[in-house]
Protein chains: 2
Amino acid sequence: MEKLTPRQKKVLEFIIGCLDEQGYPPTLRDIAGYLKVSGTFGIMKHLDALERKGFIKKHSGTSRGITLTLPPSRSISLPIVGAVRAGSPHPAVEDIEGFFSIDQSQLKSGASFFLRVKGDSMINDAILEGDLALVRSQAGAENGNIVVATLDGEATLKRYYRLKDYICLRPANPNYDDIIIREGTGKEISIIGRVVGIYRSL
Amino acid sequence: MEKLTPRQKKVLEFIIGCLDEQGYPPTLRDIAGYLKVSGTFGIMKHLDALERKGFIKKHSGTSRGITLTLPPSRSISLPIVGAVRAGSPHPAVEDIEGFFSIDQSQLKSGASFFLRVKGDSMINDAILEGDLALVRSQAGAENGNIVVATLDGEATLKRYYRLKDYICLRPANPNYDDIIIREGTGKEISIIGRVVGIYRSL
DNA sequence: TGTTGAGGTTGTCTTATGATAACCAAAATA
DNA sequence: TATTTTGGTTATCATAAGACAACCTCAACA
């Protein structure tokens, strides 16, 4: 990465600070005020330099149109949902009980969220009550995947198997029975997503 | 948290999406365009409602002056170590096999790192081979804590119990025996840290 | 049945903000 | 020494964008 002049570094630091503290980028005049200079022309040149050196991206014509190209953090903040509703592929806002950051490497594609695990039906797969399951939203699954599915309006965490003429949701706990869904029996199953990670706080 | 109308929810989701994708909040007209309505007045009322219900904060008089009150929690990048060396409280640089970000909330105090779990000795505590154990460096532990300890130069993950005249390191697997360390028997134990979290990638 | 609130429209006003011109000065560099 | 780069000034302009007035519709509700 190309080197920055001290002045350019100050500008970049200010932009990062703004994003951190107020949640949106500064205007040219905000930056000018911080540097105690007047006018916006010098600032534009700084931004041009920062863009040329690959630190930021300017979005011409939009106010506060500055984004960092530097990986600001190698992580992404995802909502923790306490419950999943039948039918909706994305978690409802009112079910969000907080946010939790996770390494970007865990997010291959598609929308993801954390689901707070309830019950002990997956105990033999080392998934305990209270764990955070990282769920990647997807409508289908491969055999053997651990999925979040809604069945008659209730959400469950189970292993998924699609067989000849029925679908099997298998718990990882001998105290629970397989759930068998045959076509045309009125039972409605819809897959919300696949579990791709587990986080437990001890 | 107060309930949102479907329309307000769409607005909130759009704002979150903008922040996620472009790095800065939308303008009133951006939101209007997304909702396919004309004019900005309706949008202002939505934002007022969202602010009244505590979901966002408006910064009057500034363009794109919207911030989420739900604070996206920050995260910290920690080293993943594949092995722990006896004696050294901090993992050696040469043992670092990568970095992994985790939510700041998991880091109460002190230096921490991830340890790649080897073996199945903690299987009944739902800790599997290959899991990442979040370890907080500390020299002592409470009874019952899961700790990383080095014993005669080898690192292990076990539950820790300090009894009258000996220390017990107990696996969570019936196939393994307790490790008993009595004072003055030449066995050297040192506690590297306590396991405060587990992450598993599926 | 009247009232309230969510949701929307058109239009206007003002300010915030990006873009740019014309020019200056010091420092680094060929 | 000539030239480029960095960093800056004072202007001006067009437009992006927030604020708001006046008014409309519809559903929920006591």
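Throughout, a chain's letter reflects where its sequence line sits, starting with A, and its residues are numbered from 1. Every value quoted in this text rests on a predicted model; they were computed, and no experiment measured them. Because only heavy atoms are used, hydrogens play no part in the values below, and waters and symmetry mates are left out as well, while side chains stay in.
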(request) Count the heavy atoms of every other residue, nucleotide or ligand shown that sit under 6.0 Å from NZ of B:Lys58, and state whether that count exceeds 12. (result) yes
(message) On the nucleotide C:dT17, are OP1 or OP2 found under 4.0 Å from the side-chain N or O atoms that B:Arg64 carries?
(response) no
(request) Kindly point out which of D:dG18, C:dG8, D:dG8 is positioned nearest to the side chain of B:Arg7? (result) C:dG8
(request) Decide side-chain contact (heavy atoms from CB on, under 4.5 Å) for B:Ile66 and B:Leu50; before the verdict, give the C-alpha distance in whole Å, the side-chain angles of both, and the deciding distance to 0.1 Å. (result) CA-CA 11 Å; B:Ile66 306 169; B:Leu50 283 171; over 6 Å; no
(request) Could you tell me whether B:Gly65 contacts a base, only the sugar-phosphate backbone, or nothing, with contacts defined as non-hydrogen atoms closer than 4.0 Å? (result) nothing
(request) Calculate the interatomic distance between B:Gln8 atom CD and C:dG8 atom P; express it in whole Å. (result) 10 Å
(message) How many whole angstroms separate atom CZ of A:Arg52 from atom C1' of D:dG7?
(response) 13 Å
(message) Output the rounded distance in Å from CE (B:Met44) to C1' (C:dT10).
(response) 17 Å
(message) Please give me the minimum heavy-atom distance between B:Glu142 and B:Tyr160, naming the atom from each residue.
(response) O-CD2, 3.6 Å
(message) Is there a side-chain contact between B:Thr40 and the phosphate of D:dA17, meaning an N or O under 4.0 Å from OP1 or OP2?
(response) no
(message) Distance check needed: D:dT6 C1' versus A:Leu47 CG, whole Å only.
(response) 14 Å
(message) Could you tell me if the side chain of B:Phe55 sits less than 4.5 Å from the side chain of B:Ile15, heavy atoms only?
(response) no
(message) Quick check on DNA chain D: between A:Leu35 and B:Thr27, whose nearest nucleotide comes earlier from the 5' end?
(response) A:Leu35
(message) Just to be sure I understand the rule, does B:Arg29 reach a base, reach only the sugar-phosphate, or reach nothing, if contact means heavy atoms closer than 4.0 Å?
(response) base
(message) Check this one for me: any side-chain N or O of B:Thr5 less than 4.0 Å away from OP1 or OP2 of C:dG7?
(response) yes
(message) So, OP1 or OP2 of C:dT17: does either fall under 4.0 Å of a side-chain N or O from B:Ser63?
(response) yes
(request) Over 60° means perpendicular and under 30° means parallel, so classify the ring planes of A:Tyr34 and A:Phe14, tilted if in between. (result) parallel
(request) Specify the separation, in whole Å, of atom CG of A:Leu28 and atom C1' of C:dA16. (result) 11 Å
(request) Starting from the 5' end of DNA chain C, give me the residue, B:Ser38 or B:Pro6, whose nearest nucleotide shows up first. (result) B:Pro6
(request) Check the distance between C:dA27's C1' and A:Lys45's NZ and give it to me in whole angstrom. (result) 14 Å
(request) Counting heavy atoms from C-beta on, name the nucleotide in D:dA19, C:dT10, C:dG18 closest to the side chain of B:Phe41. (result) C:dT10
(request) Write down the distance between NZ (B:Lys9) and P (C:dA6), rounded to a whole number of angstrom. (result) 16 Å
(message) If the cut-off is 4.0 Å, is B:His46 near the phosphate of C:dA6, judged by side-chain N/O to OP1 or OP2?
(response) no
(request) Could you check whether A:Gly39 gets within reach of a base, just the sugar-phosphate, or nothing at all, counting any heavy atom under 4.0 Å? (result) base
(request) Round to the nearest Å and state the distance from A:Lys58 atom NZ to C:dG18 atom C1'. (result) 9 Å
